K.L.:
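This structure is in structure tokens; I'll ask about it shortly.
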Amino acid sequence: MANGQAVLPSALLDVGEVDRLTARLETREVDRHRQHAEQLIDALALDAVYADAGMALQTAAVLALTWHCSEQLAAVRLHEAHTLRRLGALEVMRDGLLTVEQGRVLVDVLGRVDDEDLAAGVWERLRARLEQNALHGAVLPPARTAELLRRWLLEADPQGAIDRRREAEDSTADVDLWRRDDGLNDLAIRGLTGPNAQACAQTIRDHADPIGSQDQRPVGRRMRDAAVDLILGRTTLPFPTDLVEFAAENGLVVPGRCGRPGCGCAQGQPVPCGVNVQVLVPLTSALGASDAPAELVGQGPIDPDLLQALLLADPVLTRVWVDPDTGTPIAVDDRTWTPGRADPQALRDALLDIASGDPPTERIPIHPDDHPLPAEPIAPDPVDVDHDSHGCGRHRDGPAPPDDLVLAVAALGGPELRTHPHPAGTPGPYVLPRRLRRLVLVRSPRCEWPGCGRPALTGNAAGCDVDHDLAWPAGPTCGCNTGPLCRRHHRIKQLGWTKERRPGGHLCWISQTGRRWLSRNQHQPPTPPVRPLPPVPRPHPLDDLSDLQLVDELWHADPADSIFDTYPFDRPTPEDIEPLDEDILGARYDTRSLWARLDDPTAGHEPPPTPRSTGLHVTGLSGGRHSAESLAPGSDSRLHVR
């Protein structure tokens with residue numbers, strides 16, 4: 001245990017028993033994957049037999065009876081078997097390299113890809129990554145597997161990713177309601193874009209604070225109550241002041257806006273504005289000069305269409321410099337850019353201004369050995385260490401180092417002696433300075449535990465703690481010794497795990513038994529431009545309208561909507577509708593009530609004929625806006641309905 005850790009439980013741990021049990025669990029887990037693959041292979045063989053007999057329709061039903069499950073689940077497993085066989089992944093699962101959960105993610109992401117060569121190429125990249133992970137001890141849970149597959153699909157076929165996302169928005173969009181056995185109900189919204197889903201969750205969190213000190217509701221119940229209140233309109237949102245005053249005076253409901261001051265969200269937009277959503281955007285992708293995917297923190301990569309929509313939704317841009325070899329952030333800028341909403345030219349100018357900035361004069365250390373050289377260099381490390389390609393290795397047998405070197409290695413938290421580490425005796429304050437905290441959270445947008453996906457950039461308790469790799473003050477408050485951990489994994493680390501930073505932005509985790517796990521760098525190397533800057537798109541005609549003008553345009557789009565029943569303005573007359581003439585129809589027909597006409601002895605007589613005019617114009621007829629052509633004597637009567 002390195003000096004400075006809060007607790008030392010390793011002395012009470014039965015290391016041999018832990019190794020025996022974990023080895024047995026690993027063996028049984030590999031057997032589970034193999035048995036699942038063999039079960040899918042047998043299901044395919046059964047389906048082939050039924051298909052040869054022309055009875056393939058009943059395969060799922062027979063499988064459901066055999067497996068004692070629903071037919072829907074049986075059909076899902078059969079589809080999984082066909083997709084994995086098409087990709088060539090069934091044999092890999094039977095060998096124990098591909099897990100059952102990873103296989104299902106593979107089916108979900110690549111099962112909708114019609115291009116066989118594209119799907120096969122992405123699968124081969126995943127198989128190569130799985131082989132590396134098995135060699136280095138890295139973890140790739142299902143959520144991270146899905147992110148990798150989506151990223152590779154975006155890199156290989158950006159337009160295809162856009163088309164699949166738009167098709168899924170139409171085919172899977174729904175609101176589901178499930179009745180539970182305990183009398184409650186569950187409501188789910190399906191088919192949301194990543195930015196909209198993140199924005200909805202953040203808005204619910206913002207309205208879920210306790211109502212005074214007496215509010216003892218659990219967090220989950222407050223979140224549920226806030227969501228219900230927002231959907232039902234029980235929460236008053238801060239609409240623009242002038243629009244609120246006008247609506248109150250005229251009894252109107254303000255439509256079509258999300259209600260935040262200065263907001264420009266119209267109905268049906270794929271991304272929100274005014275909500276704290278973090279996106280890590282390569283500059284070349286923001287300018288449209290490359291197809292490198294941007295990453296929505298907490299969601300994963302997003303396609304270029306959603307990226308451009310986010311950049312035009314009144315963003316706040318901050319410049320981050322990255323290492324050109326690894327893509328790891330090394331410095332952040334204090335300046336921000338706000339190009340405004342729906343202004344492509346202002347966005348282009350802001351991005352070009354960001355690109356023209358001078359590089360940082362001081363980079364934040366990533367690795368404990370990234371500090372400037374000391375005045376007197378420290379002797380090289382005599383400890384013989386067997387590293388893999390990412391520096392996550394074990395000591396080999398070799399000459400024993402001197403005692404003072406062993407103590408120095410323990411104090412530095414690493415297996416080798418640093419040649420220019422953090423200056424001794426300068427731990428700094430316990431709380432991170434503002435700029436350092438911003439850089440640490442951008443450098444690791446997720447929890448640094450292997451495979452954890454908890455976002456680190458959220459501004460509330462749902463985010464991550466900034467953890468000292470080596471406990472302070474033995475470990476300094478510096479970029480070389482700090483990183484985000486979610487509360488759960490922070491507590492696990494304090495039970496005796498060790499976290500070591502490696503070159504390239506990778507981290508090596510060491511358990512109490514000495515087993516090592518690799519947490520990979522969360523960034524990709526920057527992509528150089530592959531094409532010239534595209535032209536600036538022309539703004540939409542509705543973007544320059546005021547709130548009231550937009551209401552008028554929305555009325556023309558759907559005048560039957562109930563929100564316009566109390567609309568107070570004189571609606572403009574279309575150009576093809578002429579003004580009202582004198583009421584010549586009223587002279588021909590008696591408009592009195594039925595009882596008044598029954599009391600009139602002359603009510604049954606036809607009124608005297610009215611001289612025919614040379615033209616007839618009809619407006620305001622029920623059911624829409626109508627106009628009639630001039631009816632000259634002897635011409636045909638024709639009525640145009642528009």
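Worth saying up front: this structure is predicted, and the values here are computed from it rather than measured.
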K.L.:
Check whether any side-chain N or O of Trp321 sits under 3.5 Å from a backbone N or O of Ala331 as a donor-acceptor pair, and report yes or no.
P.N.:
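Judged by distance alone, no pair lies under 3.5 Å.
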K.L.:
Is the closest basic N to carboxylate O distance between Glu91 and Arg94 below 4.0 Å?
P.N.:
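Yes, charged N to carboxylate O under 4.0 Å.
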K.L.:
Mind checking the OG1-CG spacing from Thr336 to Leu317? Nearest 0.5 Å is all I need.
P.N.:
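Going from OG1 on Thr336 over to CG on Leu317, the span is 8.5 Å.
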K.L.:
Please determine whether side-chain contact (heavy atoms from CB on, under 4.5 Å) holds for the pair Val316 and Trp337, giving the CA-CA distance in whole Å, both sets of side-chain angles, and the decisive distance to 0.1 Å.
P.N.:
CA-CA 6 Å; Val316 177; Trp337 287 259; over 6 Å; no
K.L.:
Please determine if Arg34 and Glu38 form a salt bridge, counting it only when a charged side-chain N lies under 4.0 Å from a carboxylate O.
P.N.:
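So Arg34 does not pair with Glu38 through a salt bridge.
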K.L.:
In plain terms, say whether Arg515 and Asp19 are close enough for a salt bridge, that is, a side-chain N and a carboxylate O under 4.0 Å apart.
P.N.:
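Salt bridge absent between Arg515 and Asp19.
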K.L.:
Answer yes or no: is there a side-chain heavy-atom contact under 4.5 Å between Leu507 and Leu518?
P.N.:
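Side chain of Leu507 against side chain of Leu518, heavy atoms only: no contact under 4.5 Å found.
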K.L.:
Test side chain to side chain donor-acceptor pair (under 3.5 Å) on Asp47 and His82 and set out the steps.
P.N.:
CA-CA 10 Å; Asp47 185 52; His82 282 287; 3.1 Å; yes
K.L.:
For the atom pair CZ (Arg104) and OG1 (Thr99), what is the distance rounded to the nearest 0.5 Å?
P.N.:
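That separation rounds to 9.5 Å.
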K.L.:
Using side-chain contact (heavy atoms from CB on, under 4.5 Å), reason through Asp349 and Asp353 one step at a time and then give a plain yes or no.
P.N.:
CA-CA 6 Å; Asp349 295 340; Asp353 188 25; over 6 Å; no
K.L.:
With Glu295, which of Gln522, His523, Gln524, Arg446 fulfils side chain to side chain donor-acceptor pair (under 3.5 Å)?
P.N.:
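Only match with Glu295 under side chain to side chain donor-acceptor pair (under 3.5 Å): Arg446.
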K.L.:
Do the non-hydrogen side-chain atoms of Thr318 and Gln278 ever get within less than 4.5 Å of each other?
P.N.:
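A side-chain contact under 4.5 Å is absent here.
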K.L.:
Which heavy-atom pair separates Leu84 from Gly103 by the least distance, and what is that distance?
P.N.:
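Smallest heavy-atom distance, with atoms named: CD2-O, 3.9 Å.
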K.L.:
Is it true that the side chains of His136 and Glu131 contain a donor and an acceptor less than 3.5 Å apart?
P.N.:
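No pair is found: no donor N or O on one side chain lies under 3.5 Å from an acceptor on the other.
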K.L.:
Grab the two heavy atoms, one from Ala51 and one from Ala56, that are nearest each other, plus how far apart they are.
P.N.:
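Smallest heavy-atom distance, with atoms named: CA-CB, 4.0 Å.
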K.L.:
Kindly determine whether His490 and Asp465 satisfy side chain to side chain donor-acceptor pair (under 3.5 Å), including the steps that lead there.
P.N.:
CA-CA 8 Å; His490 194 177; Asp465 304 328; 3.2 Å; yes
K.L.:
Do Asp31 and Gln35 pair up side chain to side chain, a donor and an acceptor below 3.5 Å, judged on atom types alone?
P.N.:
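The answer is no; no qualifying pair exists.
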K.L.:
If you measure from CG on Leu106 to CH2 on Trp123, what distance do you get to the nearest 0.5 Å?
P.N.:
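Going from CG on Leu106 over to CH2 on Trp123, the span is 6.0 Å.
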K.L.:
Are Asp314 and Arg341 close enough for a salt bridge, meaning some N to O gap below 4.0 Å?
P.N.:
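Salt bridge between Asp314 and Arg341, a charged N being under 4.0 Å from a carboxylate O: no.
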K.L.:
Using ring-ring contact (aromatic ring centres under 6.0 Å, His included), reason through Trp517 and Trp449 one step at a time and then give a plain yes or no.
P.N.:
CA-CA 9 Å; Trp517 308 85; Trp449 182 269; 8.9 Å; no
K.L.:
Sub-3.5 Å donor-acceptor pair from the side chain of Ser285 to the main-chain atoms of Ala292, do we have one?
P.N.:
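Yes, the answer is positive, given that a donor and an acceptor are paired below the 3.5 Å cut-off.
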K.L.:
Does Glu448 form a side chain to side chain donor-acceptor pair (under 3.5 Å) with Ser444? I'd like the steps, not just the answer.
P.N.:
CA-CA 7 Å; Glu448 291 184 333; Ser444 298; 2.7 Å; yes
K.L.:
Take Arg24 and Glu29 through the salt bridge (Lys or Arg N to Asp or Glu O under 4.0 Å) test and state the conclusion after the steps.
P.N.:
CA-CA 9 Å; Arg24 190 167 68 180; Glu29 184 68 5; over 6 Å; no
K.L.:
For Leu57, I'd like to know if atom CG has over 12 heavy atoms of other residues, nucleotides or ligands within 6.0 Å.
P.N.:
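Atom CG in Leu57 is not crowded, with 12 or fewer foreign heavy atoms closer than 6.0 Å.
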K.L.:
To check you understand the geometry: which heavy-atom pair defines the closest contact between Cys447 and Cys464, and what is its length?
P.N.:
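Closest heavy-atom pair between Cys447 and Cys464: CB-SG, 4.0 Å.
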K.L.:
Mind listing the closest non-hydrogen atom pair of Arg86 and Leu110 along with its distance?
P.N.:
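Smallest heavy-atom distance, with atoms named: NH2-O, 3.7 Å.
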K.L.:
Would one find more than 12 heavy atoms of other residues, nucleotides or ligands at under 6.0 Å from atom CZ of Arg20?
P.N.:
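Count over threshold, so yes.
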K.L.:
Which atom pair, heavy atoms only, marks the closest approach of Gln308 to Ala286?
P.N.:
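So the two residues come closest at NE2-O, 3.5 Å.
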K.L.:
Quick one: do Leu312 and Asp343 satisfy side-chain contact (heavy atoms from CB on, under 4.5 Å)? Show the steps, please.
P.N.:
CA-CA 7 Å; Leu312 292 174; Asp343 191 345; 6.0 Å; no
K.L.:
So do Leu90 and Ile41 actually touch side chain to side chain, heavy atoms under 4.5 Å?
P.N.:
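Ile41 reaches Leu90 side chain to side chain.
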K.L.:
Nearest 0.5 angstrom please: Ile162 CD1 to Asp305 CG, how far?
P.N.:
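Ile162 CD1 to Asp305 CG: 5.0 Å, rounded to 0.5 Å.
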K.L.:
The test is side chain to side chain donor-acceptor pair (under 3.5 Å); show your working for Glu500 and His506 and say whether it passes.
P.N.:
CA-CA 9 Å; Glu500 298 176 355; His506 307 287; over 6 Å; no
K.L.:
Looking at NZ of Lys499 and CH2 of Trp509, how far apart are the two atoms once the value is rounded to the nearest 0.5 Å?
P.N.:
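Between Lys499 NZ and Trp509 CH2, I get 5.0 Å after rounding to 0.5 Å.
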K.L.:
Take atom CG of Asp114 as the centre, draw a 6.0 Å sphere, and report whether it contains more than 12 heavy atoms from other residues, nucleotides or ligands.
P.N.:
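No - once you tally the heavy atoms of other residues, nucleotides and ligands closer than 6.0 Å, there are 12 at most.
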K.L.:
Would you call Glu147 and Pro301 a side-chain contact if the rule is heavy atoms closer than 4.5 Å?
P.N.:
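Side-chain contact under 4.5 Å: yes.
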K.L.:
Salt bridge between Arg190 and Asp174, side-chain N to carboxylate O under 4.0 Å?
P.N.:
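No, Arg190 and Asp174 are not salt-bridged.
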K.L.:
Donor-acceptor pair, Asp323 side chain versus Asp325 backbone, under 3.5 Å?
P.N.:
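Looks like yes, one N/O pair under 3.5 Å.
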K.L.:
State, to 0.1 Å, how close Arg127 and Val92 come at their nearest heavy-atom pair, and which atoms those are.
P.N.:
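Reported closest heavy-atom pair: CD-CG2, 3.7 Å.
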K.L.:
Going by heavy atoms in the side chains, are Asp186 and Asp176 under 4.5 Å from each other?
P.N.:
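Contact flag for Asp186/Asp176 side chains = no.
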K.L.:
Find out whether Arg144 and Leu148 are in side-chain contact, i.e. whether some heavy atom of one side chain is under 4.5 Å from a heavy atom of the other.
P.N.:
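When only atoms from C-beta onward are counted, Leu148 and Arg144 do not touch, as no gap falls below 4.5 Å.
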K.L.:
Does Thr284 use its side chain to pair, donor to acceptor, with the backbone of Thr527 at less than 3.5 Å?
P.N.:
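Yes; judged by distance alone, with no hydrogens or angles, the pair exists.
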K.L.:
Run the salt bridge (Lys or Arg N to Asp or Glu O under 4.0 Å) test on Glu80 and Arg85 for me, step by step, so that the C-alpha distance in whole Å, both residues' side-chain angles and the decisive distance to 0.1 Å come before the verdict.
P.N.:
CA-CA 8 Å; Glu80 175 186 357; Arg85 183 179 63 179; over 6 Å; no
K.L.:
Going through the checks in order, is the salt bridge (Lys or Arg N to Asp or Glu O under 4.0 Å) test met by Asp291 and Arg531?
P.N.:
CA-CA 10 Å; Asp291 294 323; Arg531 55 178 175 268; 2.7 Å; yes
K.L.:
Taking atom CZ of Arg491 as the centre, does the number of heavy atoms from other residues, nucleotides or ligands within less than 6.0 Å exceed 12?
P.N.:
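Atom CZ in Arg491 is not crowded, with 12 or fewer foreign heavy atoms closer than 6.0 Å.
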K.L.:
Under a 4.5 Å cut-off applied to non-hydrogen side-chain atoms, are His33 and Glu101 in contact?
P.N.:
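They are in contact (side-chain heavy atoms under 4.5 Å apart), so the answer is yes.
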K.L.:
Using atom types as modelled and distance alone, determine if a side-chain donor or acceptor of Thr172 lies under 3.5 Å from a backbone N or O of Ala168.
P.N.:
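Checking the backbone N and O of Ala168 against the side chain of Thr172, a donor-acceptor pair under 3.5 Å is found.
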K.L.:
Quick one: does Ile302's side chain get under 4.5 Å of Leu310's, heavy atoms only?
P.N.:
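Side chain of Ile302 against side chain of Leu310, heavy atoms only: contact under 4.5 Å found.
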K.L.:
Looking at CD of Gln102 and CG of Leu98, how far apart are the two atoms once the value is rounded to the nearest 0.5 Å?
P.N.:
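Gln102 atom CD to Leu98 atom CG measures 5.5 Å (nearest 0.5 Å).
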K.L.:
Using 4.0 Å as the upper bound for N to carboxylate O, is an ion pair formed by Asp303 and Arg164?
P.N.:
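No, no charged N to carboxylate O under 4.0 Å.
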K.L.:
Any donor-acceptor pair under 3.5 Å linking the side-chain atoms of Arg443 with those of Asn521?
P.N.:
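Side chains of Asn521 and Arg443: no pair found under 3.5 Å.
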K.L.:
Is it the case that more than 12 heavy atoms not belonging to Arg179 sit under 6.0 Å from its CZ atom?
P.N.:
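12 or below, so no.
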K.L.:
Answer yes or no on whether Arg77 is positioned over the face of Trp67, meaning its NZ or CZ is under 6.0 Å from the six-membered ring centre and within 45° of the axis.
P.N.:
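Yes - Arg77 lies over the ring of Trp67, closer than 6.0 Å to its centre and within 45° of its axis.
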